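In this text the structure is predicted, and so the values were computed from the model without any measurement.
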Amino acid sequence: MKQRKAGKVARRLSLNIGLLCSKTFDDAIFEELFEAKYGLHKKDIKKMNIKGVFQIWMHNGDYHGFPSRSCHAWTREGCKACPDFAAEHADISTGASASSTTGPSPSSAPTWGAEIMAGLQDEGWIDVRPGDDDPEAIELMHKLSKRSRKRWPEFAIAEPRLIGT
């Protein structure tokens, strides 16, 4: 909103943290797919994650993994047009990637977000390491970002790819 100069609303934002995100799913996926096809009830789900596979952990300790492509029918409409996998305009963008299944979440912090992360590290709240330590995760972030940018609407201004006013 700051980039688009959204006025008073944008001035109220002091820190923008964005998530790496390729898509989200409509809540109907629980009843229409997981419950109907696999007998998994939403109330019994403890945790979910999507890393190339839609991962579900149940309260009873069971784990289920489903290919992401089997869930495409429940992709939210906005996600089909979203060009910003990496939250590139955020002060800090972070999230899981397929290559970081157990390790730390890759993050990027352009502008003053890097100062915030350095301060958090100095205080012992987070650990920070260079992206060069995980070239596979960085490569995947670039690949997914490039793919999502292809979704920019035709009516968007070419640079910096903002919606025209």
Side-chain angles (χ1 to χ4, degrees), residues 1 3-4 6 9 13 15-110 113 117 126-129 131-158 160-163:
M1 290 190 330
Q3 184 73 17
R4 292 184 60 199
V9 176
L13 302 175
L15 175 65
N16 181 344
I17 299 176
L19 295 176
L20 303 179
C21 179
S22 57
K23 67 173 65 176
T24 62
F25 299 95
D26 188 279
D27 282 349
I29 196 170
F30 293 105
E31 184 179 318
E32 296 172 6
L33 178 64
F34 300 135
E35 186 174 332
K37 189 171 182 177
Y38 301 106
L40 304 176
H41 298 274
K42 186 176 180 180
K43 65 178 176 54
D44 298 327
I45 295 174
K46 179 179 181 179
K47 175 183 165 183
M48 298 180 304
N49 202 357
I50 303 167
K51 293 187 178 198
V53 174
F54 198 114
Q55 303 170 315
I56 296 178
W57 290 266
M58 308 302 286
H59 287 291
N60 69 3
D62 289 352
Y63 167 81
H64 304 274
F66 307 95
S68 294
R69 66 184 164 278
S70 67
C71 303
H72 284 316
W74 291 272
T75 300
R76 294 185 189 275
E77 286 302 311
C79 297
K80 295 175 185 176
C82 179
D84 193 16
F85 164 78
E88 295 180 45
H89 293 290
D91 298 312
I92 298 171
S93 58
T94 188
S97 70
S99 69
S100 65
T101 55
T102 59
S105 295
S107 302
S108 66
M117 289 185 69
I126 62 172
D127 291 322
V128 176
R129 62 189 175 99
D132 294 344
D133 288 358
D134 193 351
E136 184 181 332
I138 300 301
E139 182 181 336
L140 181 60
M141 276 179 42
H142 286 293
K143 177 183 172 185
L144 294 173
S145 294
K146 186 176 180 179
R147 182 183 303 159
S148 73
R149 280 190 219 109
K150 292 178 182 176
R151 299 183 199 133
W152 278 107
E154 291 298 319
F155 57 84
I157 300 167
R161 301 307 293 244
L162 302 174
I163 305 298

Next item on the list: Using side-chain contact (heavy atoms from CB on, under 4.5 Å) as the criterion, list what pairs up with P135, not counting sequence neighbours.
Entry: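 Listed in chain order: nothing, the list is empty.
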Partners of [X] by side-chain hydrogen bond (donor to acceptor under 3.5 Å, both in side chains), sequence neighbours excluded?
| X | value |
| --- | --- |
| H72 | K23 |
| D26 | none |
| E32 | W74 |

Check: Step by step, would you call F85 with L20 a side chain to side chain contact (heavy atoms under 4.5 Å, CB included)?
Finding: CA-CA 5 Å; F85 164 78; L20 303 179; 3.9 Å; yes
Table please: side-chain donor-acceptor pairs of residues 76-83 below 3.5 Å, with sequence neighbours left out.
{"residue": "R76", "atom": "NE", "partner": "T24", "partner atom": "OG1", "Å": "3.3"}
{"residue": "R76", "atom": "NE", "partner": "F25", "partner atom": "O", "Å": "3.3"}
{"residue": "R76", "atom": "NH2", "partner": "F25", "partner atom": "O", "Å": "3.1"}
{"residue": "E77", "atom": "OE2", "partner": "K80", "partner atom": "NZ", "Å": "2.9"}

Notebook entry, point to check: With sequence neighbours left out, what residues match F34 under ring-ring contact (aromatic ring centres under 6.0 Å, His included)?
Noted result: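 Partners of F34 under the ring-ring contact (aromatic ring centres under 6.0 Å, His included) test: F54, F66.
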Name the atoms and distances for all side-chain donor-acceptor pairs under 3.5 Å in residues 38-48, with sequence neighbours left out.
{"residue": "H41", "atom": "ND1", "partner": "E35", "partner atom": "OE2", "Å": "3.4"}

From [atom1] ([X]) to [atom2] ([Y]), nearest 0.5 Å:
| X | Y | atom1 | atom2 | answer |
| --- | --- | --- | --- | --- |
| I17 | D91 | CD1 | CG | 8.5 Å |
| I56 | I50 | CD1 | CD1 | 9.0 Å |
| C71 | L33 | SG | CG | 5.5 Å |

Check: residues 138-146 side-chain donor-acceptor pairs under 3.5 Å, at least two apart:
{"residue": "S145", "atom": "OG", "partner": "M141", "partner atom": "O", "Å": "2.8"}

